[in-house]
Each structure stands twice: as structure tokens, then as C-alpha cells.
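Just so we're clear, the structure is a prediction, and the values are computed from it rather than from any experiment.
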Amino acid sequence: METGRISKKEMQRARDWAKDESWVRKKEYEKDAEYLACVQDILDHPVFQSMEQFIQHGSTTCKAHCIQVSYMSYKICRNRGWDFVSAARAGLLHDLFLYDWHTHAKETGNHFHGLTHPRVAMNNAIAHFHITKKEQNMILRHMWPLTPIPPRWKEGFVLLYTDKFCSTAEVAAQMKEQIFMVLWPRQFG
């Protein structure tokens, strides 16, 4: 597996970029014709659109989370000359489990969402979209090390890390908002 070192400048750019997720809200990805050429069929599909109804982390929907992971993975891989098409497509589909994971255990008795959702997402992706074996592996292995087998390709590690990064940022944003609301003096309204 090929690895590349990330410079301090690149790391700071990533931090700055992640501080403001408004590029998702402003749909900056929609202005990137090259990105859209990779993923438009997925973005337009009703199954992908249905992910808007499920909350992923904090107040972020599963759809918004997947777009964020996809676009960030795409940009990293494109900048490095890696397979950005697979990164973009697998990023959109990595959490295509199509249920509310917050209530799933109570409804089904499956208390292992973190372990089982990658296979569910991969099977749903295969059923609804044309995806490559590489993209299947990236979706299936995106929860490593929680799941025992790591991704096979470097683009899979990019997806894995961007997923963790975005998830952490989404939860932290929700926690920051909750803490602010608790600590904000009532007299300031």
C-alpha cells in the first residue's frame, strides 16, 4: 500500500476547511463539474435522496454526512492523483443502510450497527447502483478497526479517515451547540 505524508500546510488547510461545513450547506460540491460527473447518477437517485430522512450524527442527516465524506475524499484523492472517482462514489454510498440507527436496535434486536452497517450499505449499493469491486471494498471496510479487516486500497483509507473526521466534527458541532445553550445566560436571550 502506498502512503503519502501530509504536510503541515495541507493539515492546516484541512482543519480550516472542516471548521466550516457551510460548503455542504451552500452546496459547493454542485459547482464542481468534475465531481458531479463522477456521482450525479447517485445524487439524483431516489434511494440516495431517501437518506435525507435519517439523522446520522448530531443534527446532520445521513445524506449530508455522505456528501461531506464523499466530497472531501474526492478532493484529497484528486489532489494526490489517486482514484478520485471511486473515492467520490464509495463516499456517497458508505452509509447507505437506509434505517434510523438510533432506533434500529430497539426495533430489530441488532445491537451491533457499527459492525453490521458496512455490509448492509454495500449490499444496498450493489442492489441500486453500478459499483466496482474497489468501491464495494471501500464501503465494506470503512469502519476499520472496529471491523477486523482494513481497506485494500489507499483510497479506502482516505474514505475511512474522512468518515471519522466528518463524524467527529458533526458530533462536536452538536455538543458545542448544546453546551452553548446550557451555559448561555437566560438574560441574554
Side-chain angles (χ1 to χ4, degrees), residues 1-45 47-49 51-52 56-57 60-97 117-118 121-122 124-126 128-145 147 149-170 172-173:
M1 184 185 75
E2 182 181 321
T3 61
R5 295 191 58 99
I6 299 175
S7 70
K8 287 182 181 180
K9 184 178 179 181
E10 288 175 313
M11 186 64 83
Q12 187 57 49
R13 274 198 340 232
R15 283 189 191 113
D16 292 344
W17 187 42
K19 280 181 189 174
D20 179 18
E21 66 177 283
S22 64
W23 60 268
V24 173
R25 290 191 196 110
K26 292 179 182 176
K27 300 187 178 190
E28 183 179 308
Y29 66 93
E30 288 184 348
K31 301 171 192 164
D32 190 330
E34 189 175 22
Y35 174 74
L36 292 177
C38 302
V39 298
Q40 194 68 60
D41 62 314
I42 298 171
L43 289 172
D44 292 340
H45 199 283
V47 169
F48 181 78
Q49 291 296 321
M51 293 169 65
E52 183 70 31
Q56 181 67 336
H57 307 110
T60 304
T61 66
C62 195
K63 177 183 167 189
H65 168 74
C66 287
I67 291 170
Q68 183 165 296
V69 169
S70 170
Y71 194 55
M72 187 179 282
S73 297
Y74 158 82
K75 289 182 78 124
I76 291 168
C77 288
R78 189 186 67 188
N79 288 341
R80 297 205 170 281
W82 297 346
D83 183 0
F84 57 86
V85 175
S86 290
R89 294 180 66 79
L92 281 181
L93 301 171
H94 80 281
D95 280 342
L96 190 70
F97 43 82
H117 85 270
M122 183 193 69
N124 285 336
I126 291 168
H128 296 286
F129 303 96
H130 173 73
I131 61 170
T132 66
K133 294 288 184 190
K134 184 178 197 176
E135 293 161 357
Q136 290 175 34
N137 179 270
M138 292 169 69
I139 295 166
L140 185 62
R141 306 292 184 219
H142 83 271
M143 287 300 290
W144 182 79
T147 54
I149 303 171
R152 184 173 178 186
W153 289 279
K154 59 186 171 260
E155 295 87 356
F157 280 95
V158 170
L159 172 61
L160 183 154
Y161 291 126
T162 58
D163 180 41
K164 305 300 181 264
F165 185 84
C166 292
S167 298
T168 302
E170 292 159 8

Derivation of the side chain to side chain contact (heavy atoms under 4.5 Å, CB included) call for Asp95 and His117: CA-CA 7 Å; Asp95 280 342; His117 85 270; 3.0 Å; yes
Minimum heavy-atom distance Ser70-Gly91, with the two atoms named: CB-C, 3.7 Å
Spacing of CD1 belonging to Ile42 relative to NE2 belonging to His128, to within rounding of 0.5 Å: 12.5 Å
Spacing of CG belonging to Leu96 relative to SG belonging to Cys62, to within rounding of 0.5 Å: 7.5 Å
Any donor-acceptor pair under 3.5 Å from Asn137 side chain to Lys133 backbone: no
Side-chain heavy atoms of Val47 within contact of Asn124, under 4.5 Å: no
Side chains of Arg80 and Lys154 in contact at under 4.5 Å (non-hydrogen atoms): no
Verdict with supporting geometry, Asp32 and Tyr71, side chain to side chain contact (heavy atoms under 4.5 Å, CB included): CA-CA 10 Å; Asp32 190 330; Tyr71 194 55; 3.0 Å; yes
Student check: side-chain heavy atoms of Pro151 and Leu160 closer than 4.5 Å: yes
Heavy-atom side-chain contact between Thr147 and Arg141 under 4.5 Å: no
Heavy-atom pair with the smallest gap, counting every atom of Glu30 and Leu36: O-CD1, 3.1 Å
His65 versus Ser167, closest heavy-atom pair with distance: CE1-OG, 3.4 Å
Closest non-hydrogen atom pair between Pro118 and Leu140, with its separation: CB-O, 3.3 Å
Rounded distance (nearest 0.5 Å) linking atom CE of Met51 with atom NE2 of His45: 12.5 Å
Side chain to side chain contact (heavy atoms under 4.5 Å, CB included) between Ile126 and Met122, intermediate numbers included: CA-CA 6 Å; Ile126 291 168; Met122 183 193 69; 4.0 Å; yes
Closest contact, heavy atoms only, Val39 versus Ala88: CG1-CB, 3.7 Å
With sequence neighbours excluded, residues passing side chain to side chain donor-acceptor pair (under 3.5 Å) with Lys134: Asp83, Glu155
Set of residues satisfying ring pair (Phe, Tyr, Trp, His ring centres under 6.0 Å) with respect to Phe84, sequence neighbours excluded: Tyr74
Test item: Cys66 and Phe48 side chains (from C-beta on) under 4.5 Å apart, heavy atoms: yes
Residues forming a salt bridge (charged side-chain N to carboxylate O under 4.0 Å, His left out) with Arg89, sequence neighbours excluded: Asp41, Glu135
Residue pair Phe129 / Leu92, side-chain heavy-atom distance below 4.5 Å: no
Contact check, side chains of Gln68 and Thr162, non-hydrogen atoms, under 4.5 Å: no
Interatomic spacing from NZ in Lys63 to CD in Gln49 - rounded to 0.5 Å: 3.5 Å
Verdict with reasoning, Leu43 to Ile67, per side chain to side chain contact (heavy atoms under 4.5 Å, CB included): CA-CA 9 Å; Leu43 289 172; Ile67 291 170; 4.2 Å; yes
Atom pair NZ (Lys164) and NE2 (His142), whose distance is rounded to the nearest 0.5 Å: 6.0 Å
